[in-house]
Amino acid sequence: KGEVDGVVALVKQGVDINHIERGQPHETALLACCATRHLEVLTKLLTHPAVDINLADSRGVTALMTSAAAGFDDGVLTLLSAKADRYAVTPQGRVAADYASEHGHSALAALLCADPDRVSIHEAAQDGDALTVDGLLRQKPSLLNDRRPGDGNSPLLIAATSKRLKVVELLLKYPDI
């Protein structure tokens, strides 16, 4: 609670929410709260109308990349729902999914690769890609009962008929199936 109150006080005093402190680790407030996995502060910062969710530090690293590297699942989901750019690239050619993968967060890397606007839950279920199915559902739970155009099959039916047991087991864990 104290951290949130401190952030609110600083913003009320006119501190630039997007100020970059060059040469410091986690050069912006947004990057710092993502690195320390502080969801309350992140949520509060994202309510500020001037916050630049995709602002990168001097290395080209964004808050989403920082959250991915830290294994901060709730931060990643919060940033994605606030429209953070999952495709932002550092000068070295790295994206947020790379940071998650490099730090051993494979489920988070899969989530970042599973863009609900580009990846079909039906294809992932048919392929038996449980990490992608899980990543899609964590971002957009309504996909659970989504029907495939053409045949009207659900992800569960597709996974079952394709004999993808891990995906079937994953889908059955959701209460709204």
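Judged by distance alone, the side chain of His103 and the main-chain N or O of His105 form no donor-acceptor pair under 3.5 Å. Remark: the backbone N or O of Ile158 is paired with a side-chain donor or acceptor of Thr161 at under 3.5 angstrom. Side chain of Arg94 to main chain of Val89: no donor-acceptor pair is present (N/O by atom type, distance under 3.5 Å, no hydrogens or angles). Looking only at distances, no side-chain donor or acceptor of Gln139 sits under 3.5 Å from a matching main-chain atom of Leu77. Without hydrogens or angle criteria, His122 side chain to Arg148 main chain gives a donor-acceptor distance under 3.5 Å. A donor-acceptor pair is defined here as one N or O able to donate and one able to accept, closer than 3.5 Å; such a pair exists between the side chain of Arg37 and the backbone of Gly71. Formation of a donor-acceptor pair under 3.5 Å by the Asp98 side chain with backbone atoms of Val95 is found in this model. Distance alone, capped at 3.5 Å, is enough to place a donor-acceptor pair between the Asp57 side chain and the Val61 backbone. A donor-acceptor contact shorter than 3.5 Å is absent between the side chain of Ser162 and the backbone of Arg164. Without hydrogens or angle criteria, Asp85 side chain to Tyr87 main chain gives a donor-acceptor distance under 3.5 Å.
Two residues are said to be in side-chain contact when any heavy atoms from C-beta on lie closer than 4.5 Å; Thr62 and Thr90 fail this criterion. For the pair Leu79/Leu42, a side-chain contact is recorded, criterion being any heavy-atom separation below 4.5 Å from C-beta on. Counting heavy atoms from C-beta outward, Asp146 and Lys140 have side chains that stay 4.5 Å or more apart. A heavy-atom distance below 4.5 Å is found between the side chains of Phe72 and Asp74. Residues Leu143 and Val133 form no side-chain contact, since every pair of their non-hydrogen atoms from C-beta on lies 4.5 Å or further apart. For the pair Thr132/Leu111, no side-chain contact is recorded, criterion being any heavy-atom separation below 4.5 Å from C-beta on. In this structure the side chain of Leu80 reaches within 4.5 angstrom of the side chain of Arg86, judged on heavy atoms.
Closest non-hydrogen pair, Ala82 versus Leu46, comes out as CB-CD1, 4.1 Å. Taking both residues in full, the closest heavy atoms of Met65 and Gly60 are given as SD-O, 3.8 Å, listed atom of the first, atom of the second, then distance. Across Ala68 and Ala96, no two heavy atoms sit closer than the pair CB-O, 3.3 Å. Closest heavy-atom contact between Leu131 and Ala110: CB-CB, 3.6 Å. Closest of all the heavy-atom pairs between Pro155 and Ile121 is CG-CG2, 3.8 Å.
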Test Leu112 against Val76 for side chain to side chain contact (heavy atoms under 4.5 Å, CB included), laying out the working first. CA-CA 8 Å; Leu112 285 159; Val76 167; 3.7 Å; yes
Before you tell me yes or no, could you show the steps for Val41 and Thr36 under side chain to side chain contact (heavy atoms under 4.5 Å, CB included), namely the whole-Å CA-CA distance, both residues' side-chain angles and the distance that decides it to 0.1 Å? CA-CA 10 Å; Val41 174; Thr36 57; over 6 Å; no
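Note on Leu30: it does not cluster hydrophobically with Tyr99, by side-chain heavy-atom contacts below 4.5 Å among ILVMFWY residues. When the side chains of ILVMFWY residues are joined at heavy-atom separations under 4.5 Å, either directly or via intervening members, Leu172 and Leu170 end up in a single hydrophobic cluster.
In this model, a donor atom of one side chain and an acceptor atom of the other lie less than 3.5 Å apart for Tyr174 and Asp134.
Taken to the nearest 0.5 Å, the CD1 atom of Ile53 stands 11.0 Å off from the CG atom of Leu55.
Sorted pairs that involve residues 42-55 and meet salt bridge (Lys or Arg N to Asp or Glu O under 4.0 Å), not counting sequence neighbours, are lacking altogether.
Atom CD of Glu123 is surrounded by 12 or fewer heavy atoms from other residues, nucleotides or ligands within 6.0 Å.
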